[in-house]
Amino acid sequence: METAKITLKLLIHKTEGRVLFAEAGKDFVDFLFYILSLPISSIVNLLRNKNMVWCLGDLYQSIETLSETYMQSNKNKNSVLNPKSPPCPNEIPLSLPDHSNDTKPRKFYTCTNNGYCGQGGCYTRCPRSHVADTPSRSCPSCNETMTGEMTFVSADGTSTMTTAADAEKGFVKGVVTYMVMDNLEVMPMSAISYITFPSKFNVEDLGTLQEKVVDFGLDEGLKLLKASMECNNVLTSVFFGNMEA
């Protein structure tokens, strides 16, 4: 299966060998928002084999080897080591490994008891006002097992009527082009951006600048995630290997 790719247009300072900014579309900015929404344990898991030397990696490994005996009865290690994906990973054109295949809708369960339950000698109908995320819980009101399946409806909804606002998925709108700085700051691209960028980046000779179109795939995505925790010149590091603390 062919890996998804995103196209970026980089503005490079040839003399200094650095990326000033990237001209990007919605897909790349959605990816940046997506990685910012990842749980920290997911990030640790993704970068464990990328020569990352940090204490969180050691913490992750120690939890892996910890016996389930020490966990609370209603908790397990997997909920810490492999937390649920961000709200809309399948709406992002480029999702990182481990978080691109979770297509199952979230489900909750409620009590199915239509009878009566005793409450201090006074019999009242079970209100069925509680929900659980597993069908093995007991209803706090009547103590029956909560097996009645309920389907979770996400924030973007599942209505059969699709509006213009619902048609576009992800995080940001796609009607504009975005400027992504070397340190990953994001802002909408505008005519004023082009006019002011020479002074913003202290560029005196426009002849030192070069545009370069590059592909951004999963490999670059992992490099970007790693570099974002190590330096301030992330795009330069990903595409040219020059890293500054």
Side-chain angles (χ1 to χ4, degrees), residues 3-11 19-48 50 52 54 56 79-106 152-159 162-190 192-193 197 200 213-239 243:
T3 305
K5 294 280 186 179
I6 293 172
T7 300
L8 301 177
K9 183 189 290 185
L10 306 179
L11 185 64
V19 176
L20 300 185
F21 63 83
E23 189 175 320
K26 165 186 167 58
D27 47 7
F28 182 67
V29 177
D30 274 344
F31 175 76
L32 295 180
F33 277 51
Y34 159 72
I35 62 173
L36 192 61
S37 71
L38 283 173
I40 187 64
S41 55
S42 299
I43 295 174
V44 173
N45 190 30
L46 286 166
L47 298 180
R48 290 175 74 194
K50 298 294 179 182
M52 291 283 302
W54 55 352
L56 285 176
S79 64
V80 177
L81 300 176
N82 300 290
K84 292 180 179 178
S85 300
C88 54
N90 297 295
E91 298 170 2
I92 308 302
L94 181 64
S95 295
L96 295 174
D98 295 358
H99 288 273
S100 56
N101 297 318
D102 185 12
T103 58
K104 295 181 180 179
R106 293 182 63 186
F152 176 78
V153 180
S154 62
D156 60 359
T158 56
S159 173
T162 303
T163 64
D166 294 329
E168 196 167 40
K169 302 299 184 180
F171 293 99
V172 299
K173 294 180 178 179
V175 294
V176 298
T177 300
Y178 295 89
M179 177 184 283
V180 181
M181 302 301 176
D182 200 11
N183 64 353
L184 300 185
E185 287 183 55
V186 177
M187 62 188 70
M189 181 78 76
S190 66
I192 295 178
S193 303
F197 89 79
K200 179 179 177 67
V213 177
V214 297
D215 288 332
F216 185 90
L218 286 178
D219 187 50
E220 290 79 14
L222 288 171
K223 288 180 181 178
L224 182 146
L225 182 59
K226 180 175 182 289
S228 67
M229 298 184 177
E230 299 176 330
C231 64
N232 291 320
N233 61 333
V234 178
L235 296 180
T236 299
S237 173
V238 170
F239 293 104
M243 186 180 295

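Remember, it's a predicted structure, so these values are computed and weren't measured experimentally.
Annotation: the span from Phe31 atom CZ to Lys26 atom NZ amounts to 14.5 Å, rounded to 0.5 Å. Between the CG atom of Leu184 and the CD1 atom of Ile35 there is a distance of 6.5 Å, given to the nearest 0.5 Å. To the nearest 0.5 Å, atoms NZ (Lys9) and CE (Met189) are separated by 8.5 Å. Distance check, rounded to the nearest 0.5 Å: SG of Cys231 to CG of Asn183 gives 10.0 Å. Taking CG of Leu11 as the start and CG of Asp182 as the end, the distance is 11.0 Å to the nearest 0.5 Å. Note that CG of Asp219 and CG of Leu224 are 11.5 Å apart. Values are rounded to the nearest 0.5 Å.
Between Phe216 and Phe239, the ring planes lie tilted relative to each other; the angle falls in the 30° to 60° range. By the 30° and 60° cut-offs, the orientation of the rings of Phe171 relative to Phe33 is tilted.
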Is there a side-chain contact (heavy atoms from CB on, under 4.5 Å) between Val213 and Leu8? Walk through the geometry before answering. CA-CA 6 Å; Val213 177; Leu8 301 177; over 6 Å; no
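Between Met229 and Ile43, the shortest heavy-atom contact is CE-CG2, 3.1 Å. Minimum interatomic distance between Val234 and Ser228 (heavy atoms only, all atoms of both residues): CG2-CA, 3.8 Å. Here the closest non-hydrogen pair linking Gly170 and Asp30 is CA-OD2, 3.7 Å. Heavy atoms only, all atoms of each residue included: Ala24 and Thr177 are closest at O-CG2, 3.4 Å. In terms of heavy atoms, Met181 sits closest to Leu235 at O-CD1, 3.5 Å. When every heavy atom of Thr236 is checked against every heavy atom of Val19, the shortest pair comes out as OG1-N, 2.8 Å.
Within a 6.0 Å sphere centred on CD1 of Ile40, heavy atoms belonging to other residues, nucleotides or ligands number more than 12.
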